[in-house]
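Only a predicted model underlies this, so the values are computations on that prediction, with no experimental measurement involved. All chains are named by letter (A, B, ...) in the order of the sequence lines, taking the proteins before the strands, and each is independently numbered beginning at 1.
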Amino acid sequence: MLRLDSVSRHFGDQHVLDGISLTVPDGQLLSVVGPSGCGKSTLLRTIAGLLPAQEGTITIDGTPVHGVPERLAVVFQEYGRSLLPWLTVRDNVALPLRRRGLGRAARRAEAETMLERVGLRGAARRHPRELSGGMQQRVALARALVCRPSLLLMDEPFGSLDAGTREDLEDLLLELHRGRDATIVFVTHDIDESVYVGDRVVVLSPGPGSRVVRDLSVGLPGERDQLTTRGLPGFVELRTEVGRALRGR
Amino acid sequence: MVRRTALPLVLRWAVLLVAVACWEVAARARDSVYFPPPLRIARHAHALWFSGNAGHLFLTPAAVDTILPSLGRMVSGFVLAAVAGIVLGIAVGRSPRVYALCNPVLQFARAVPPPALVPVFVVVFDFGTPMQVASIVFSAVWPVLVNSAEGARATDPLRLQVVAVLRLTAPERLWFLILPSALPRIFAGLRLSLSLCLILMVFSELLPGSDNGIGFTLTDAQTRSDLLTVWAALVLLGALGHLLNTGLLAIEKRLVGPTASAGRTA
């Protein structure tokens, strides 16, 4: 369980996060929506231990976060920069497995299995820049999941992909999440996406000094489909509610 | 990224060939002792250095006494400078504080014209190979050091966050992220260093107290008014420099090729 207890952060005298409290139960996919520049990325980096929380505490399963926690993975928006261009796709995915003390052959085998699960069976020996943006983000997803993290943080992961690719990856994420107990915090500025992928949507107020302004449970069926789910009255109601909260009405 | 369209091999060498041909014609027309035609220089160089037997790779004993000592000094100087420059440069570049402290010193050291340092090394080491290698190392280390430091400093901050989340150890971080990121800059430094090595190699051999090497051959032939040998030594230096540079470029292409996305500066 991930727990944030009145977490605040400021850069100089600029408040970015203003007392954010959240409890995310194991296995939940939490969408965090907020306008651009509201501190969503800062929140994510604070949970990841990349930035220290200046006030308040963050705990994972009761252990306070100091530095990067174990069994944590992050998928960043900038897939082109987050993958290492001098390593093949397979070696990029195998990189986090070094921590587990596996031999080279075992690391590569696991990486290839994971690549197959994200639909990149044939791309193992290619270099990231030979792949399309969507495929590169699949590689980043494979690298994040190969260590079976208990907490996965995603920072607008599909924000720079075209609409079709983005929908494919949303479905891939839902498919991979099903049957796993990983907790996912999914940051986005896209209202529809937040409702479509989330079990729960949290809306942040615009900065400076972001707070949680709305906390909605998504009561949609687990099996989702880009066409039918988005047409359900429950989906439309939720997206309207999130939109209202975003606009402060 | 703009790729240069590769000219056919013949065309790329055409300018050089035309220049040499003009030189040949002009030198024959003037028939001056000071400016022998290139064909005669080539024949002289061949007789002097490359007419040995096949078992010695066609090198004559004179060539073994001349080229190998020079090459040995230059290569050992270059390798020492490269290793020291990369190791120190990355160490300096990884810490903003160390970088801020060292930068003025580095800029100063780099600005001193390298041959001016040779007299200092003559005093410290006396004449001979240690002095020569020390002069080469001390001159050639700065461009590698400064460029490696810049390269390490410019490591993408997002990638540093990525490897922090992947919980790589410090050596892994160095090997998988910092070194490959800095590689284009490191090679830019190595190319500058290589040409400095050649300059310092010749310069240190011109000094009294040297008794072998290409630089020594140059001064020795000049005192004997053997202009043909002087010219042959100059051509040999040019060819050697070109060969070593081509070798370095080939290594660079192999290592940096797949990562050429990072900006390169000379």
Side-chain angles (χ1 to χ4, degrees), chain A residues 41-42 44-52 65 67-89 91-101 107 111 125-130 136 139-140 142-147 149 151-156, chain B residues 1-3 86 89-90 93-96 147-148 150-190 249-265:
Chain A
S41 290
T42 305
L44 218 63
R45 281 167 167 77
T46 312
I47 298 174
L50 294 168
L51 296 170
V65 170
V68 180
E70 252 177 89
R71 300 202 61 202
L72 169 110
V74 182
V75 175
F76 295 93
Q77 179 180 4
E78 301 94 333
Y79 46 81
R81 284 166 65 201
S82 93
L83 299 175
L84 302 180
W86 36 83
L87 297 183
T88 60
V89 163
D91 289 345
N92 263 290
V93 176
L95 201 55
L97 293 170
R98 300 180 77 87
R99 280 286 62 68
R100 297 234 313 259
R107 289 200 302 266
R125 279 151 208 243
R126 292 164 79 186
H127 281 91
R129 49 142 116 243
E130 297 173 81
Q136 289 186 40
V139 178
R143 183 178 65 185
L145 294 177
V146 77
C147 267
L151 177 59
L152 173 63
L153 307 176
M154 306 182 83
D155 187 11
E156 303 202 29
Chain B
M1 193 168 51
V2 182
R3 282 220 169 266
I86 294 171
I90 298 232
R94 280 317 303 148
S95 159
N147 275 283
S148 304
E150 287 295 335
R153 219 162 71 94
T155 309
D156 189 331
L158 181 76
R159 288 203 178 127
L160 285 169
Q161 294 189 343
V162 168
V163 297
V165 170
L166 296 181
R167 301 166 61 82
L168 296 192
T169 60
E172 284 170 347
R173 203 160 56 209
L174 196 67
W175 181 250
F176 287 109
L177 175 61
I178 294 162
L179 206 57
S181 308
L183 216 51
R185 290 297 302 264
I186 290 175
F187 269 98
L190 287 176
L249 284 177
I251 297 173
E252 178 178 0
K253 206 171 164 190
R254 246 193 96 74
L255 288 181
V256 186
T259 69
S261 58
R264 290 203 210 174
T265 41

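- The line from CG of A/Leu84 to CG of B/Leu166 is 8.0 Å long, rounded to the nearest 0.5 Å.
- With a 4.5 Å cut-off on side-chain heavy atoms, B/Glu172 and A/Arg99 count as touching.
- Residues B/Phe176 and A/Trp86 come closest through the heavy atom pair O-NE1, 2.7 Å.
- Put simply, the side chain of B/Val162 reaches to within 4.5 Å of the side chain of A/Arg143, judged on heavy atoms.
- Both the backbone and the side chain of A/Leu95 come within contact range of chain B, with heavy atoms under 4.5 Å apart.
- Using a 4.5 Å cut-off between heavy atoms, A/Ala144 does not touch chain B at all.
- Between chain A and the residues B/Val163, B/Thr169, B/Asp156, the most heavy-atom pairs under 4.5 angstrom are made by B/Asp156.
- Of the atoms belonging to A/Leu153, not a single heavy atom falls under 4.5 Å from chain B.
- For a residue to count as touching a neighbouring chain, one of its non-hydrogen atoms must lie under 4.5 Å from one of that chain's; by this rule A/Glu130 does not touch chain B.
- Residues B/Ala164 and A/Leu50 share a closest heavy-atom pair of CB-CD2, 3.9 Å.
- In this structure, B/Arg167 contributes its side chain and A/Pro96 its backbone to no donor-acceptor pair below 3.5 Å.
- Between B/Arg159 and A/Pro85, the closest heavy-atom pair is NH2-CD, 3.5 Å.
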